[in-house]
Enquirer: 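Here it is, the structure in full.
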Amino acid sequence: MTVDSPSAPPLLAVGDLAAGYYKKSVLEGVTFHVRAGERVAVVGRNGAGKTTLLHTLLGLVPARGGTIRYEGRDLARDPAQERVRAGVALVPQGGRVFANLTVGENLDLGGYLVRDARAQAASLDLVYETFPRLRERAAQLAGTLSGGERQMLAFGRALMARPRLLMLDEPSAGLAPIVVKDLMEKIHLVSTTLGTTILLVEQNIREAFKVVERVYVLKLGRIVFEDAPGVLLGDDRLRKAYLG
């Protein structure tokens with residue numbers, strides 16, 4: 001797997017993005033990029049606008065201004081289903097799954113856009129290889145899984161469509177440290193073996209910084225700075241962004 005060179009056009013380029021809910025503005029002038037094959041984190045304190053950013057990128061929240069260029073095309077006005085078809089996927093916060101369906105049925109739904117039966121079977125094999133526990137639980141109702149298993153299922157369901165850009169919203173939330181460590185290792189594995197581009201929103205910066213290559217810091221709906229994780233861990237700007 002190779003990451004695009006700095007001179008190559010990025011897979012995702014967001015320019016001057018604005019979004020919000022009703023009369024409330026949440027994002028203002030957000031500009032950043034992610035190159036193909038890269039692992040990038042967006043971090044910030046609660047209320048910074050991180051989840052709104054991911055929802056806007058996927059089309060769940062309408063953009064009020066700016067551009068969302070993916071593979072060179074502006075998706076800012078496209079509906080969510082078109083963005084999914086283009087290769088963008090989101091693992092939502094909290095391991096949201098269809099509780100009344102089995103693990104296998106949840107995964108089948110994740111691959112509904114894959115029309116080729118052999119490709120869908122290959123995706124399922126990949127998910128089961130990545131998360132062996134899901135194979136063991138294939139006939140079990142998703143609502144009976146543990147928190148960590150639900151997060152695995154949400155992750156696996158997103159992988160079924162073989163996205164080029166995989167966005168994850170707070171995947172460590174509510175999970176035990178050992179589960180978080182394993183999950184971050186899986187994120188790194190998927191990126192390095194499949195070449196999947198990762199955009200990770202995360203509160204657990206120490207675990208996130210172990211797997212990403214660049215970090216954007218979001219504060220009050222704006223990107224305030226960007227750097228490598230090793231640099232930011234010793235940078236007072238990061239502490240100020242979290243503590244005010």
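Predicted, not measured: the structure shown is a model, and the values here were computed from it.
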Enquirer: Under the 4.5 Å side-chain heavy-atom rule for ILVMFWY, direct or indirect, which residues accompany Val231?
Expert: none
Enquirer: Less than 3.5 Å apart, which donor and acceptor atoms pair up between the side chains of residues 181-189 and the rest of the protein, not counting sequence neighbours?
Expert:
{"residue": "Lys181", "atom": "NZ", "partner": "Glu185", "partner atom": "OE2", "Å": "2.7"}
{"residue": "Lys186", "atom": "NZ", "partner": "Thr130", "partner atom": "O", "Å": "2.8"}

Enquirer: By side chain to side chain contact (heavy atoms under 4.5 Å, CB included), which residues pair with Ala119, not counting sequence neighbours?
Expert: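 In terms of side chain to side chain contact (heavy atoms under 4.5 Å, CB included), with neighbours along the sequence ignored, Ala119 is linked to Val114, Asp116.
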Enquirer: Who pairs with Thr67 by side chain to side chain contact (heavy atoms under 4.5 Å, CB included), at least two apart in sequence or on another chain?
Expert: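 Result, side chain to side chain contact (heavy atoms under 4.5 Å, CB included) vs Thr67: Arg69, Asp74.
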Enquirer: What pairs of residues pass the salt bridge (Lys or Arg N to Asp or Glu O under 4.0 Å) test when at least one of them lies in residues 153-162, not counting sequence neighbours?
Expert: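 For residues 153-162, and leaving out neighbouring residues, there are no salt bridge (Lys or Arg N to Asp or Glu O under 4.0 Å) pairs at all.
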Enquirer: Could you tell me which residues satisfy side-chain hydrogen bond (donor to acceptor under 3.5 Å, both in side chains) with Gln120, sequence neighbours excluded, listed by chain and number?
Expert: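 Counting only residues at least two positions away or on another chain, Gln120 forms no side-chain hydrogen bond (donor to acceptor under 3.5 Å, both in side chains).
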Enquirer: Remaining members of Leu109's ILVMFWY cluster at a side-chain heavy-atom cut-off under 4.5 Å?
Expert: Phe98, Leu101
Enquirer: According to side chain to side chain contact (heavy atoms under 4.5 Å, CB included), who are the partners of Asn100, at least two apart in sequence or on a separate chain?
Expert: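 Asn100: no side chain to side chain contact (heavy atoms under 4.5 Å, CB included) contacts found.
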Enquirer: For a quick test of your reading: what N or O donor-acceptor pairs under 3.5 Å do the side chains of residues 19-29 make, sequence neighbours left out?
Expert:
{"residue": "Tyr21", "atom": "OH", "partner": "Thr52", "partner atom": "OG1", "Å": "2.9"}
{"residue": "Ser25", "atom": "OG", "partner": "Glu28", "partner atom": "OE2", "Å": "2.5"}

Enquirer: Does anything in residues 122-156 form a ring-ring contact (aromatic ring centres under 6.0 Å, His included)? List the pairs, not counting sequence neighbours.
Expert: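 Sorted pair list: Phe131-Phe155.
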Enquirer: Between side-chain atoms of residues 75-84 and protein atoms elsewhere (two or more places apart, or another chain), which donor-acceptor pairs fall under 3.5 Å?
Expert:
{"residue": "Asp78", "atom": "OD2", "partner": "Arg73", "partner atom": "NH1", "Å": "2.8"}
{"residue": "Glu82", "atom": "OE2", "partner": "Arg85", "partner atom": "NH1", "Å": "3.1"}
{"residue": "Arg83", "atom": "NE", "partner": "Leu75", "partner atom": "O", "Å": "3.3"}
{"residue": "Arg83", "atom": "NE", "partner": "Asp78", "partner atom": "O", "Å": "2.9"}
{"residue": "Arg83", "atom": "NH1", "partner": "Thr56", "partner atom": "O", "Å": "2.9"}
{"residue": "Arg83", "atom": "NH1", "partner": "Leu57", "partner atom": "O", "Å": "2.9"}
{"residue": "Arg83", "atom": "NH2", "partner": "Leu75", "partner atom": "O", "Å": "2.9"}
{"residue": "Arg83", "atom": "NH2", "partner": "Ala76", "partner atom": "O", "Å": "3.2"}
{"residue": "Arg83", "atom": "NH2", "partner": "Asp78", "partner atom": "O", "Å": "2.8"}

Enquirer: If I take atom CG from residue Leu166 and atom OG1 from residue Thr196, how far apart are they, to the nearest 0.5 angstrom?
Expert: 6.5 Å
Enquirer: Test of understanding: with side chain to side chain contact (heavy atoms under 4.5 Å, CB included), list the residues that count as partners of Val40, not counting sequence neighbours.
Expert: Val34, Glu38, Leu199, Arg214, Tyr216
